[in-house]
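Keep in mind that what you see is a predicted model, and the values were worked out from it rather than measured.
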Amino acid sequence: MSCSKESTKEKLPEEKPNQVVLIFKNPHSHNSFKLKNGSSTYKPLAKNGKEIAAIDTNSVLERYRFEIGAESDTVIIPTKLEVLEVKLLYNALDRLTYFFAKGDTVIIEYDGNKPHATILNRNTNNGLVNIEMKVRDSLFNSTFPPSVEISNFMLMHTEWSELESPKPSFQEYEKTYQKKKTQDVDREFMFLINNFNNSQVYSKTDSLIKQAALSELYWKAKNYLKSIETIGQLEQSTPIKQFVSTFENNLKQKTNEIDWIERSMAYQEILHSSIFSEFDYEMIERNGKGGGSRTPNYIALYDSVGKSTLYSEKEKKNLQFNLLEQILMNGNTFAIEDRLRYLTKFRNAFSDDALTNKLISKYNIKFEIDDALELIDTKGNKLNLKELIAQHNGKAIYLDFWASWCAPCIKEMPSSQSLQKTLADQNIEFIYLSTDRKEKPWSEAIAKHQLNTGLHYRITNADNSKTMEELAVQFIPRYMIFDKNGKLVNNDAPRPSEQEKLIQEFNRYLGQQ
């Protein structure tokens with residue numbers, strides 16, 4: 001009898017890591033797009049410079065960023081889903097949709113500013129991976145697909161303005177434009193639907209990706225049909241209506257697909273936008289030096305969703321989580337007590353520690369209210385704003401509220417540094433207070449933009465500080481001036497780029513005028 005050193009036990013398949021890895025080569029920012037008439041559109045879809053979006057395991061939308069200008073940058077998206085839908089911002093007004101399997105490693109390279117994704121760890125149909133770029137380049141040879149153009153007033157108006165005279169009125173042109181674009185959208189949808197429907201399935205992964213892609217198209221089609229009904233073009237989209245009807249009939253027989261459609265970003269968009277048409281709510285005014293804005297009363301909407309019979313419990317949880325995040329995010333619109341009360345309400349209603357802890361971590365939530373505004377400097381030393389002001393008694397103080405993700409804040413920094421040189425012999429201290437919740441992006445921004453003048457601190461309790469609430473910093477950048485006695489004398493001071501006005505302000509409080 002002989003024995004073998006090799007095990008006869010059947011080898012188990014390797015478990016895929018709970019993540020998708022995106023490797024960007026020379027990543028290009030698509031935060032802005034220059035229109036033909038020379039004007040630009042900035043960040044209508046990106047949030048705080050985060051150009052990547054994905055739905056996580058809890059059906060919550062998460063956003064990610066890559067390092068612009070880097071030779072290479074890696075973004076790791078955690079997921080327990082077998083298929084992850086990823087959207088990448090494109091030309092500011094558009095988003096490219098990709099479907100990746102759990103465990104995929106993807107390299108994204110650029111031809112000019114056009115991204116091209118290649119899955120490195122498995123064989124797949126690369127044409128389907130990049131099919132949305134194919135729609136733009138091959139099917140229409142245009143910057144934007146018709147589904148983006150038809151809903152964008154700015155693009156339509158730009159085309160009309162470039163017509164040679166005599167040209168039709170804008171109202172007449174709009175009807176012609178929408179009719180043509182509706183026909184083009186029909187072609188766009190059917191191209192995508194047919195490509196996924198007719199794609200060969202070689203594995204379970206292929207089948208799941210096909211299922212997820214068709215679910216996304218179903219919800220995009222539903223939303224599109226609703227939008228064109230309002231402009232009187234619905235009768236033209238027979239193929240799309242047929243696809244929606246067929247999908248719904250199949251769905252009734254396959255209840256296991258419900259989870260997939262709920263993780264579609266198009267479904268999430270429809271669900272979240274529905275609350276603004278279903279419920280009455282007030283708009284809250286937010287005013288700043290550069291103008292004002294209005295924010296929906298997310299507290300009222302949270303309560304309305306809770307009382308509603310329109311949504312399932314799962315949908316209510318999704319909606320109220322997103323509304324709660326808006327309440328926490330808008331810390332200078334909603335009182336600290338209200339923010340903590342609604343976080344507690346959500347935790348008690350759903351008993352979901354994972355989601356609750358996610359918000360507590362993300363927004364540095366403490367279930368207590370501080371009077372002081374706590375700060376930490378670049379060396380880890382801690383103090384509060386009152387102590388900081390007192391340290392510089394006898395000097396005027398220029399306080400700069402900013403954040404690493406705030407482009408207008410960063411844009412002002414060269415002017416601020418130049419101003420410090422101009423006023424070097426004056427009794428003025430330049431102090432920078434970052435509202436970044438995490439240390440890393442703050443310190444990286446200081447290094448990247450060479451912010452090596454002035455005193456730098458990060459606010460560590462912005463979300464539960466009464467001082468922060470009283471200062472009412474609703475927008476950044478925001479600038480304040482304290483006089484030589486430590487008294488706040490201007491809580492909405494000129495920006496550094498408004499040098500002449502700012503110097504006049506300083507002179508008032510330095511007793512030189």
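If you look at Phe144 and Phe33, their ring centroids are closer than 6.0 Å. Aromatic ring centres of Phe475 and Phe401 lie farther apart than the 6.0 Å criterion allows.
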Chi angles and distances behind the side-chain contact (heavy atoms from CB on, under 4.5 Å) call for Leu323, Ile275: CA-CA 10 Å; Leu323 289 166; Ile275 61 175; 3.7 Å; yes
Candidate pair Glu325 and Tyr363, rule side chain to side chain donor-acceptor pair (under 3.5 Å), full reasoning: CA-CA 9 Å; Glu325 183 156 28; Tyr363 295 98; 2.7 Å; yes
Criterion side-chain contact (heavy atoms from CB on, under 4.5 Å) on Lys382 and Leu375, from CA distance to verdict: CA-CA 6 Å; Lys382 297 179 181 179; Leu375 310 172; over 6 Å; no
Full working for side-chain contact (heavy atoms from CB on, under 4.5 Å) between Leu451 and Met413: CA-CA 8 Å; Leu451 307 181; Met413 290 301 182; 3.7 Å; yes
side-chain contact (heavy atoms from CB on, under 4.5 Å) assessment of Ile336 paired with Asp338: CA-CA 5 Å; Ile336 299 171; Asp338 287 335; over 6 Å; no
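Counting only distance, with no hydrogens or angles, the side chain of Ser418 and the backbone of Pro414 share no donor-acceptor pair below 3.5 Å. A donor-acceptor pair under 3.5 Å links the side-chain atoms of Asn364 to the main chain of Arg437, judged by distance alone. A donor-acceptor contact shorter than 3.5 Å links the side chain of Asp483 to the backbone of Lys487. Not one N or O on the side chain of Lys395 forms a donor-acceptor pair closer than 3.5 Å with the backbone of Gln426. Side-chain atoms of Thr467 come within 3.5 Å of backbone N or O of Asp371 as a donor-acceptor pair. Side-chain atoms of Asn322 come within 3.5 Å of backbone N or O of Asn318 as a donor-acceptor pair. Panel note: side chain Asn130, backbone Met133; no donor-acceptor pair is recorded below 3.5 Å. Using modelled atom types, one side-chain atom of Arg478 and one backbone atom of Ala472 make a donor-acceptor pair closer than 3.5 Å. When atom types are taken as modelled, the side chain of Asp73 and the backbone of Lys25 share no donor-acceptor pair closer than 3.5 angstrom.
The two residues Gln320 and Tyr302 make their nearest non-hydrogen contact at NE2-O, 3.0 Å. The nearest pair of heavy atoms linking Pro477 to Cys406 is CD-SG, 3.9 Å. The minimum heavy-atom distance linking Ala335 with Glu469 is given by the pair CA-OE2, 3.3 Å. Taking each heavy atom of Ala403 and Ile476 in turn, the nearest pair found is CB-CD1, 3.6 Å. In plain terms, the two heavy atoms of Glu51 and Ile68 that are nearest each other are OE2-CD1, 4.3 Å. Contact detail for Glu132 and Thr97: the closest heavy-atom pair is OE1-N, 3.2 Å.
Using the six-membered ring where Trp is involved, Phe346 and Phe350 have ring planes that are tilted, between 30° and 60° apart. Between Tyr90 and His30, the ring-plane angle classifies as tilted under the 30° and 60° cut-offs. Between Tyr281 and Phe276, the two ring planes are perpendicular [angle over 60°; tilted spans 30° to 60°].
Between Ser404 and the options Asp436, Ile410, Thr435, Ile446, a side-chain contact (heavy atoms from CB on, under 4.5 Å) holds for only Asp436. No option in Lys358, Lys314, Lys317, Arg347 other than Lys317 meets the salt bridge (charged side-chain N to carboxylate O under 4.0 Å, His left out) test with Asp352. Residue Tyr398 forms a ring pair (Phe, Tyr, Trp, His ring centres under 6.0 Å) with just one option from Tyr432, Phe482, Tyr479, and that option is Tyr479. Of the candidates Glu216, Glu269, Glu85, Glu269 is the only one forming a salt bridge (charged side-chain N to carboxylate O under 4.0 Å, His left out) with Arg95.
A salt bridge does not link Glu374 with Lys386: every distance from a Lys NZ or Arg NE/NH1/NH2 to an Asp or Glu carboxylate oxygen is 4.0 Å or more. Checked for salt-bridge contact, Glu429 and Lys484 miss the test: no charged N lies under 4.0 Å from a carboxylate O. A salt bridge does not link Asp370 to Lys466: none of the charged nitrogens lies less than 4.0 Å from a carboxylate oxygen. Using a cut-off of 4.0 Å between Lys/Arg side-chain N and Asp/Glu carboxylate O, Asp111 and Lys114 are scored as not salt-bridged.
A donor-acceptor pair shorter than 3.5 Å cannot be found between the side chains of Gln19 and Asp104. In the model, Asn485 has no side-chain atom that pairs as donor or acceptor with a side-chain atom of Asn393 under 3.5 Å. Checking Glu71 against Asn26 by side-chain atom types alone, no donor-acceptor pair falls below 3.5 Å. In the model, Ser274 has a side-chain atom that pairs as donor or acceptor with a side-chain atom of Tyr311 under 3.5 Å. Using modelled atom types and a 3.5 Å distance limit, the side chains of Asn357 and Asp353 yield no donor-acceptor pair. For the residue pair Glu109 / Thr118, no side-chain donor-acceptor distance below 3.5 Å is found, with atom types taken as modelled. In this structure, a donor-acceptor pair under 3.5 Å is absent between the side chains of Ser416 and Glu412.
Using a 4.5 Å cut-off on side-chain heavy atoms (C-beta onward), Tyr457 and Leu455 make contact. Within the 4.5 Å cutoff, the side chain of Val60 has no heavy atoms near those of the Ile55 side chain. In this structure, Asn18 and Lys102 have side chains that are in contact, with non-hydrogen atoms separated by less than 4.5 Å. Between Tyr267 and Asn223 the shortest side-chain heavy-atom distance does not fall below 4.5 Å. Looking at Asp56 and Leu84, their side chains never come closer than 4.5 Å, going by heavy atoms from C-beta outward. Between Asn491 and Leu471 there is no side-chain heavy-atom pair separated by less than 4.5 Å. By the 4.5 Å heavy-atom criterion applied to side chains, Thr79 and Val20 are counted as neighbours. Residues Asp463 and Leu328 have side chains not in contact (no heavy-atom distance under 4.5 Å, counting atoms from C-beta outward).
Heavy atoms from other residues, nucleotides or ligands lying under 6.0 Å from CG of Asp280 number 12 at most. The neighbour count for Asn113 CG, taken as heavy atoms of other residues, nucleotides or ligands under 6.0 Å away, is above 12. At most 12 heavy atoms of other shown residues, nucleotides or ligands fall within 6.0 angstrom of atom NZ in Lys80.
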